[in-house]
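First up is the structure itself, then whatever we jot down about it.
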Amino acid sequence: MGSGSSSTTATAVETNGKPAKGRTGNVTNTDTDIGRNGRTQVVKQLYAPPGAPAIYHGTVRPRPNFDALKEAENLNIAMQGSGTKDNLLIDVLTSCDRNQRELIAQAYEQKYNKNCLKALKSELSGDYSDVVEKLMENAAEYDAWLLHETLDGLGTDDDGLIEVLSFRNKEQIESIQREYLNRFQRHLSDDIKGDTSGNFEKLCLKLMQGKRDEPHVLVTSFAEADAKMLYQEGEDRIGTWDDLFIDVFTSRSWDQLGALCDAYKKLYGKTIEEALESEFSGDILFGLKKLVAFARDRADYFATKLYSCLSGLGTDDETLQRIIISHCETDMLEVKEAFKNKFGKTLGNMIRDDCSGNYKTILLALIN
């Protein structure tokens, strides 16, 4: 079971804080278009102006000239006869995005009068079947299942819990909560409260509100004001205003939070991580530092996680599947590039060495 704790007392009152200053900004970096085919070159973009195109790019994208009925027919062909035509099945499921797969499932049920997922599961087994099942669920269903897995049983998968909650907006979280209640007959917030405590519980519930500013909302002077406010209510006093830290870390855009980290080091000569370590402990320290890692370089973070899944004895298939399925439509190109730069080998080659059969084939299709 997760727990939240702080090494200092949370006795500050709101009047001790400083109001945030107005927002003005100066940003320079621009986005680089990344083609789906051929060699990719990812240019790291720390900050971008409001309205700039997203810097993250998935390896799985909506299929052009998509025909749900045709793809449903292809799935049916793949499942006919003795055995399964796995290359065709994998091509159908990995050459379109999650929304299109949902349309395929609907078209399949209308034409063949049977549930598409049940038909697929009857043909497949093992990790290969697990990946196919997760691909066929809609986004809210998959995320609800993921969150239930992080909270179910003894202990809490704090990694998975923070990763899922951190990258969903308000509308997505609301959909996940409805699906969670429908599927498990429990409220997601109640399960989080039952499985976490203290400041870590507060952090998770704040993330559930989905109040983080949109990407590319960045104002340099506001980052400096935040850094000063955190210093005044943290290192510069006895006791820490814990709720202030939680509010800032869960509401600022990733670009803004990254700029705050830079401003803190510039103003006070130490990293924000060092400051957090002097003020917090336990699960809340873990959670806040994870949010900092996302803000600094989320591609590097997930590349490192994938390397950990694939190195050493055995494979952490659960985490491997979670990261690939969750990120193949959003930022897998950046994750792959970070993986190669950091570890001197490609993610694809490590998957080839560590996985086998159709499980290997479908994972490679998702990252390529």
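One-based numbering along the sequence shown. Excluded from the calculations below are hydrogen atoms, water molecules and symmetry mates; all remaining heavy atoms, backbone and side chain alike, are included.
Using modelled atom types, one finds a donor on one side chain and an acceptor on the other under 3.5 Å when comparing Q321 with K134. Side chain to side chain, T361 and N358 fail the donor-acceptor criterion of an N or O pair below 3.5 Å.
In terms of the ring-ring contact (aromatic ring centres under 6.0 Å, His included) criterion, residue partners of Y231 (sequence neighbours excluded) are, by chain and number, Y268. The salt bridge (Lys or Arg N to Asp or Glu O under 4.0 Å) test applied to E133 returns K121, not counting sequence neighbours. In this structure, Q100 has no side-chain hydrogen bond (donor to acceptor under 3.5 Å, both in side chains) partners at least two apart in sequence or on a different chain. Partners of Q110 according to the side chain to side chain contact (heavy atoms under 4.5 Å, CB included) rule, which considers only residues two or more places apart in sequence or in another chain, do not exist here.
Between Y180 and H187, the ring center distance fails the sub-6.0 Å criterion. Proximity of the aromatic rings of W145 and F184 is defined here by a centroid distance below 6.0 angstrom, and this criterion is not met.
Ring orientation note: the planes of F249 and F245 are close to parallel, at an angle under 30° on the 30°/60° scale. Between W254 and F294, the ring-plane angle classifies as perpendicular under the 30° and 60° cut-offs. Aromatic ring pairs are classed by plane angle as parallel below 30°, tilted from 30° to 60° and perpendicular above 60°; the pair F343 and Y307 is parallel.
For residues 62-106, the set of pairs meeting the ring pair (Phe, Tyr, Trp, His ring centres under 6.0 Å) definition, not counting sequence neighbours, is empty.
Within the 3.5 Å criterion, the main-chain N or O of A295 finds no donor-acceptor partner in the side chain of R298. Counting only distance, with no hydrogens or angles, the side chain of S251 and the backbone of D247 share a donor-acceptor pair below 3.5 Å.
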Return all side-chain donor-acceptor pairs below 3.5 angstrom for residues 122-129, not counting sequence neighbours, or 'none' if the list is empty.
| unit_1 | atom_1 | unit_2 | atom_2 | d |
| --- | --- | --- | --- | --- |
| S122 | OG | A119 | O | 2.6 |
| E123 | OE1 | T84 | OG1 | 3.4 |
| Y128 | OH | D86 | OD1 | 2.8 |

**Report entry** Candidate pair I323 and T319, rule side-chain contact (heavy atoms from CB on, under 4.5 Å), full reasoning
**Finding:** CA-CA 6 Å; I323 295 175; T319 305; 3.8 Å; yes
